[in-house]
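One structure is given here, and the rest of the page talks about it.
Counting starts at 1 for both ligands and their atoms, in listed order. The first residue in the sequence is number 1, and the count goes up from there.
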Amino acid sequence: MNIVIFGPPGAGKGTQSNLIVQKFKLHQLSTGELLRQEIKNNTELGKEIKEIINAGSLVSDIIVGNLIEKHISNPIFKNRLIFDGYPRNLIQAKNLNHLLKKYDQKIDIVLKLSVSLEIIKKRILERKTLEKRADDNQEIAIKRYQTYETNIKPVIDFYKQTNLLRVINGETTISEISNEISGLIEGIKGWLWEIRQYKYAGKQKTHKFMARIAGINIPQNKIVSIALTYIHGIGLHSSKKICKALEIPSSKRVNELSEEQVLKIREFIDANHKVEGDLRREVSVNIKRLVDLACYKGSRHKKKLPVRGQRTQCNARTRKGKAIAIAGKKLTPLKK
Ligand code: AP5
Ligand code: MG
């Protein structure tokens, strides 16, 4: 798994990368750290970039590109990298894709930490006393923030297109952010594992495998249009539409799908459908609003009775779950 983490200076990229490295046994590749190391060792490159870094500007794309290629090409780090602070502009984002492709790898998730300038200033001044970084003072911190803001918009758009981007509120506590990131990575890890199982299942038909889409294990032996209805929020109509849009024959079975097709379905659902947790949350918020309004529908929800005008006295029980007794109505005896 390769992860990209970016955000303004002081957003917590380094802090969170450290925690991810420990938890998921990855390797942190901080371009800032690599460049500072060059300065510390007083190398030719170090001398060349010292002024640039201390002024809060970006080092040339070629220099940083060469530095990261050394790591990407190293088989020890293959699919185990967390890119802290790379890419910082569109050229770097495209270069990263190019290099990963060259070494038969890819990005699995992109994490953006969002933090306001006010908090950044505070954090950087606090860190100055601890780490004594030459670029850690209020004026240069603002300059670094502005450099980030100027360059990052196209990078965000670039990763939005690939559906890899996850935005995280970087203003909560370190452990809260870490938990959120771990949850996201666990999700991906689980999913990657499923994909590997899927490949395996393709070779050995006896192996039990469930393709995972929208966090749900859909059954492998059912046809796609039926299997997708196991996802809360996808009915038969939607599942047929999904198959049509992706040109996947809806009569194909899940275990006959290629890895790309599973990926395509997952991305299509992410982009176009509200499902599972998100849908459940939306529904419960809507119900709560009706209850708060105390309108007819709200009062029916409150009493756990059917909402859409069905006659509760004699027929149509549409609510799921255990039936509740209604005054004056005998419950229909269960059929034997
Ligand atoms: P780099 O070293 O990457 O600096 P940066 O981007 O400015 O980011 P920082 O390292 O300052 O912040 P961070 O997000 O890692 O936050 P941290 O975890 O330390 O780059 C330095 C320079 O190198 C650049 O300016 C540029 O010149 C050059 N460079 C690097 N990459 C380049 C590239 N790709 N292309 C061109 N040039 C490049 O946290 C900050 C502080 O806040 C810490 O004290 C931490 O304890 C605290 N903190 C963190 N999270 C929290 C929290 N949730 N609550 C409270 N405190 C927190
Ligand atoms: Mg850092």
Between Asp108 and Lys106, is there a side-chain N and carboxylate O pair less than 4.0 Å apart? yes
Region of Gln16 engaging ligand 1 - heavy atom pairs below 4.0 Å: neither
For Ala227 versus Pro219, what's the shortest heavy-atom pair and its separation? CB-O, 3.8 Å
Identity and distance of the protein heavy atom lying nearest atom 16 (O) of ligand 1: Gly12 N, 3.1 Å
Within the distance-only criterion (no hydrogens, no angle test), does the side chain of Arg144 pair as donor or acceptor with the backbone N or O of Gly56 below 3.5 angstrom? no
Return the orientation label for the His27 and His71 ring planes: parallel under 30°, perpendicular over 60°, tilted otherwise. parallel
Identify the closest protein heavy atom to atom 56 (N) of ligand 1: which residue and atom is it, and at what distance? Arg123 NE, 3.5 Å
Checking heavy atoms under 4.0 Å, the part of Arg36 that sits near ligand 1 is side chain
Structural part of Thr173 in contact with ligand 1, heavy atom criterion under 4.0 angstrom: backbone
Considering heavy atoms of the protein only, find what lies nearest to atom 35 (N) of ligand 1 and give residue, atom and distance to 0.1 Å. Gln92 NE2, 2.8 Å
Scan for salt bridge (Lys or Arg N to Asp or Glu O under 4.0 Å) pairs involving residues 41-56, sequence neighbours excluded, and state none if there are none. Glu44-Lys47
I'd like to check which ligand 1 atoms, numbered from 1 as shown, lie under 4.0 Å from a non-hydrogen atom of Tyr86. 34 (N)
When you measure from atom 46 (O) of ligand 1 to each heavy atom in Leu35, Ile140, Thr15, which option holds the nearest one? Thr15
Interatomic distance, Ile242 atom CD1 to Ile248 atom CD1 [nearest 0.5 angstrom]: 9.5 Å
Would one find an N or O of Ser57, backbone or side chain, under 3.5 Å from an N or O of ligand 1? yes
Rounded to the nearest 0.5 Å, the CG atom of Leu35 sits from the CG atom of Leu67 at a distance of 5.5 Å
Considering heavy atoms of the protein only, find what lies nearest to atom 31 (N) of ligand 1 and give residue, atom and distance to 0.1 Å. Thr31 OG1, 2.7 Å
For atom 12 (O) of ligand 1, which protein heavy atom lies nearest, and how many Å away is it? Gly10 N, 2.8 Å
Can an N or O of Ile53 be found at a distance shorter than 3.5 Å from an N or O of ligand 1? no
Nearest protein heavy atom to atom 25 (O) of ligand 1, by residue and atom, and its distance? Arg144 CG, 3.9 Å
Distance (rounded to the nearest 0.5 Å) between Ile62 CD1 and Asn95 CG: 9.5 Å
Using a plain distance cutoff, I'd like to know if Arg127 has any nitrogen or oxygen under 3.5 Å from a nitrogen or oxygen of ligand 1. yes
Among Gly14, Gly85, Ser60, which one puts a heavy atom closest to atom 15 (O) of ligand 1? Gly14
Considering distance alone, does some N or O of Arg88 sit under 3.5 Å from an N or O of ligand 1? yes
Please work out whether any backbone atom (N, CA, C, O) or any side-chain heavy atom from C-beta onward of Thr172 is under 4.0 Å from ligand 1, and answer side chain, backbone, both or neither. backbone
Return yes or no for this condition: an N or O of Gly56 is under 3.5 Å from an N or O of ligand 1. no
Holding to salt bridge (Lys or Arg N to Asp or Glu O under 4.0 Å), I want the full list of residues that pass it with Asp61, two or more places apart in sequence or in another chain. none
Those atoms of ligand 1 less than 4.0 Å from some heavy atom in Ile177: 53 (N)
Give yes if a backbone or side-chain nitrogen or oxygen of Ser30 is under 3.5 Å from a nitrogen or oxygen of ligand 1, and no if not. no
shortest atom 5 (P) of ligand 1-to-protein heavy-atom contact is with Lys13 NZ, 3.6 Å
Applying a heavy-atom cut-off of 4.0 Å, say which part of Arg133 lies close to ligand 1: side chain, backbone, both or neither. side chain
To the nearest 0.5 Å, what is the distance between CG on Leu236 and CD1 on Ile234? 11.5 Å
Counting only heavy atoms closer than 4.0 Å, does ligand 1 sit against the backbone of Val59, its side chain, both, or neither? both
